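Here the structure is laid out as structure tokens; the discussion comes afterwards.
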There are 4 protein chains.
Amino acid sequence: MRTLTERTERRSQAERRDEAEQRLLAAAVRLVAERGLERTTLSEVGEAAGYSRGLPAHYFGGKSGLIVTLAAHLIGRFGRALERAERHGPGLKRLLGAAAFYFDSAAKDQTRTRALFVLLGEGLNNALVTDRLAELNARSAKTFETNLRAAIADGEVRADIDAESQAILILAALRGAVGQWLLAPKTIDLSALRDEFVASLSRSLAP
Amino acid sequence: MRTLTERTERRSQAERRDEAEQRLLAAAVRLVAERGLERTTLSEVGEAAGYSRGLPAHYFGGKSGLIVTLAAHLIGRFGRALERAERHGPGLKRLLGAAAFYFDSAAKDQTRTRALFVLLGEGLNNALVTDRLAELNARSAKTFETNLRAAIADGEVRADIDAESQAILILAALRGAVGQWLLAPKTIDLSALRDEFVASLSRSLAP
Amino acid sequence: MRTLTERTERRSQAERRDEAEQRLLAAAVRLVAERGLERTTLSEVGEAAGYSRGLPAHYFGGKSGLIVTLAAHLIGRFGRALERAERHGPGLKRLLGAAAFYFDSAAKDQTRTRALFVLLGEGLNNALVTDRLAELNARSAKTFETNLRAAIADGEVRADIDAESQAILILAALRGAVGQWLLAPKTIDLSALRDEFVASLSRSLAP
Amino acid sequence: MRTLTERTERRSQAERRDEAEQRLLAAAVRLVAERGLERTTLSEVGEAAGYSRGLPAHYFGGKSGLIVTLAAHLIGRFGRALERAERHGPGLKRLLGAAAFYFDSAAKDQTRTRALFVLLGEGLNNALVTDRLAELNARSAKTFETNLRAAIADGEVRADIDAESQAILILAALRGAVGQWLLAPKTIDLSALRDEFVASLSRSLAP
DNA sequence: AATGAATGAGACTTCATTCAT
DNA sequence: TATGAATGAAGTCTCATTCAT
């Protein structure tokens, strides 16, 4: 009994902390998506999460800490979502599926996507996140590249492409398309872009 | 004599004002590229341009005015540069040439490019520039679209593409590629991307 | 058996509490000597003592409590050390011995001395400690005065001095010397000051 | 006329700034004497001087800047006052006169004296002012030493003293006496201390 | 036209303090 | 008893903005 009680108490402290952190991050994602990084204040994050004005500073150490944590949170989440969505073995199908998934998840999860793009903008001038984002880019491109090479080996994709550049360009198109859509969501039809992109890519990669 | 003097003075005043404004804008471009919009202060712009701390506020009316003016300046300049670079009539060649030009001018003019991308990030959350940037996107895509349609009419490009989406995707790839390069200029070879992109695009558009 | 157990537990609780308090105070002395009162936080004291961030507040009731306890601790300790060091009966020898002891103990115990001087500075503006420190001064001077009067009665010291002022001035020289040394320990030779002071005092008090 | 106007204008800007700085410093001296450094806020200094809450930060760059400026101000002022008070050539008379002046100016200018002692306390833990204060000490002691050596050369003072240590001890007595007085002004008679000190010093230095 | 003095709002940050476990 | 989660107050600092010269 006593052991159980202690465990419960201990767990409950840790849980409390964990829940608070998750709520703060969720509030931060929303606010950053709406207003951008600089116009999101620590106080607002605390209050939007239902806590005090001071808690975000307490947890994340300050604004910098929040930004870094936020970047890790968004990047990690996106990576995990992509992995879960992979239903094919390495190759052309998985490549095209991942591209389509990128379009669809942007539409489905506009808030988080917008927050990630805000971070990408910040990355241009904020050393705290530059590396992390560059690494995200590199990792994403690398995944495309792996699939391209597998597809070439399988004869699904022509062998004379520069797989590395091609991978970067695929990621580029996805990013650029979503970026334009975020600036004018009412004007741009994301699913049309998805279909056209998949078709074009199939043609340009065809052996 | 008096009239002449007045004219001369007036012109010299106007010129001085113009030169000062240009210098202020140039300084702003540089600082924004280095630090981002929020971390660029009006005073710094004034001093970096060799004037007083107060002049930018005097000229641009305030920070918002500076941002708007800066956006117009960068967008206008880029558009004019593109026009100057067009050496072919509407069609596939001009399309591919414009794409290549986009890559090359980013590499050649990294500071201005970076400043423009900072503005694109800002556009996600700042109504002052959102419309202007969305319009830039729409205009750029429209230009690609026009060329695509001309090329289709000429039989250079297959007729079953969605010209509107295709145009957006072309712009997307350009933006996304330069965006990745700005985050990791040492890692990414922009001219390799240019060549691979032109080749891929040619294949995917081929009739 | 039961009573014994309770006593043992109670004693062990009390001991634990006492040991914790001593460790906290020792940590506080060190931190205050290094950083000053305001820059020493309760959390730091707890952690530096090997306990939790919250313990100092728990024990001392708050920052004020810590300051007051610290003052009592340092003052009491210094007084007891002086008593232990007294090897002569009241009179000139004990007076000169106490003066020399003051110099030596400052050199030997720089951390505690520094902490005490930090408190003396704080005493100028913090009513919590002003009286305690003024009383320390008064008591110290009184001790010198008692020895002076005994020495006058014994004929060791000239009778025309103002014993009260003289006592204050002796304490003043000790304090002022150590104060200068704490600001520039590498520049000032404390033992040279001790010898010169004892010699000067002997001459000025000589009948 | 025009030139005059310009001069007036220019001078008036500079004057405005200068006057503001002097008023801010005067307010800072008063507040620091009353509450200590940490409990004096920049806002209070601004308002006490009749300006805005933000002006001190604007002028001094921040709290650190204020502390440094304040130290320079007080140290410089005290030095100049001492020089003005010197009515004798180098030697014993000037030495004793300076000592007496030190007591008298503390009594006359209690606020500034208290502020200087607050800074001396701060100097123990704040690298920003440590050196400045150590230098003040060294300079003050050096002045006493110079007078001691002149007096020895003139035969007014015995030759077997350690002039350097003696000088430090004289400064020490002055500092220590004023320090005690500041902690208990009602209990301690500063002029009695002055007279007793001058008498004692004369005896201990007499050839 | 141009400078720079002065204001004041707002955000970050740091902690003492309180409270639940 | 002891921990550490959470609060909230207060101060520093940075700037956009306004205004006098």
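Letters go in sequence order (proteins before strands), and every chain restarts at 1. Predicted model, so just to flag it, every value in this text is computed and none were measured.
In this structure, C:E44 atom CD and E:dT17 atom P are separated by 15 Å, rounded to whole Å. Distance, A:R17 CZ to F:dT3 P: 17 Å, rounded to whole Å. Spacing between atom CZ of D:R39 and atom P of E:dA16 amounts to 13 Å, rounded to whole angstrom units. For the pair B:E47 CD and E:dA2 P, the computed distance is 16 Å after rounding to whole Å. Here the P atom of nucleotide F:dA5 and the CG atom of A:D18 are 11 Å apart, to the nearest Å. Atom CG of A:L37 is separated from atom P of E:dC12 by 11 Å (rounded to the nearest Å). Nucleotide E:dT7 holds its P atom 20 Å from the CG atom of B:L42, rounded to whole Å. In this structure, C:E38 places its CD atom 16 Å from P of E:dT14, rounding to the nearest Å.
Closest to the side chain of C:K63, out of E:dT3, E:dA16, F:dC15, is E:dA16. Comparing F:dC15, F:dA2, E:dA2 by their nearest atom to the side chain of D:H58 picks out F:dC15. Looking at the side chain of C:T41, the nearest of the listed nucleotides E:dA16, F:dT3, E:dG4 is E:dA16. In this structure, the nucleotide among E:dT17, E:dC12, E:dA2 sitting nearest to the side chain of B:L55 is E:dA2. You'll find that the side chain of C:A57 is closest to E:dT17, out of F:dT3, E:dT17, F:dG11. Distance from the side chain of D:S43 is smallest to F:dT12 among E:dT18, F:dA5, F:dT12.
For the side-chain hydrogen bond (donor to acceptor under 3.5 Å, both in side chains) with A:E19, the lone residue among A:R17, A:R23, A:Q22 that qualifies is A:R23. For the side-chain contact (heavy atoms from CB on, under 4.5 Å) test with D:T40, the passing option among D:L31, D:I67, D:L70, D:V118 is D:L31; the others fail.
Within the 4.0 Å cut-off from OP1 or OP2 of E:dG4, not a single side-chain nitrogen or oxygen of B:R53 is found. Contact annotation: B:Y59 side-chain N/O to E:dA1 OP1/OP2 distance is not under 4.0 Å.
A residue-by-residue look at C:G61 and A:G61 shows that A:G61 has its nearest nucleotide of DNA chain E further toward the 5' end. Judged by closest nucleotide on DNA chain F, D:S64 is the one of D:S64 and B:G54 placed further toward the 5' end. Residue-to-nucleotide proximity on DNA chain E shows that, of C:T40 and D:G50, the 5′-proximal contact is made by D:G50.
Minimum interatomic distance between C:A33 and C:R114 (heavy atoms only, all atoms of both residues): O-CD, 3.0 Å. Summarising the geometry of D:A115 relative to D:L74, their closest heavy-atom pair is CB-CD1, 3.8 Å, with the distance given to 0.1 Å. A:F60 approaches A:L66 most closely through the heavy-atom pair CB-N, 3.5 Å.
Remark: E:dT21 base-pairs with F:dA2. Criterion, Watson-Crick or G-U wobble with two distances under 3.5 Å. Base-pair partner of F:dG11: E:dC12 (Watson-Crick or G-U wobble, both distances under 3.5 Å).
Remark: side-chain polar atoms of A:R39 are paired, donor with acceptor, to backbone N or O of A:R35 under 3.5 angstrom.
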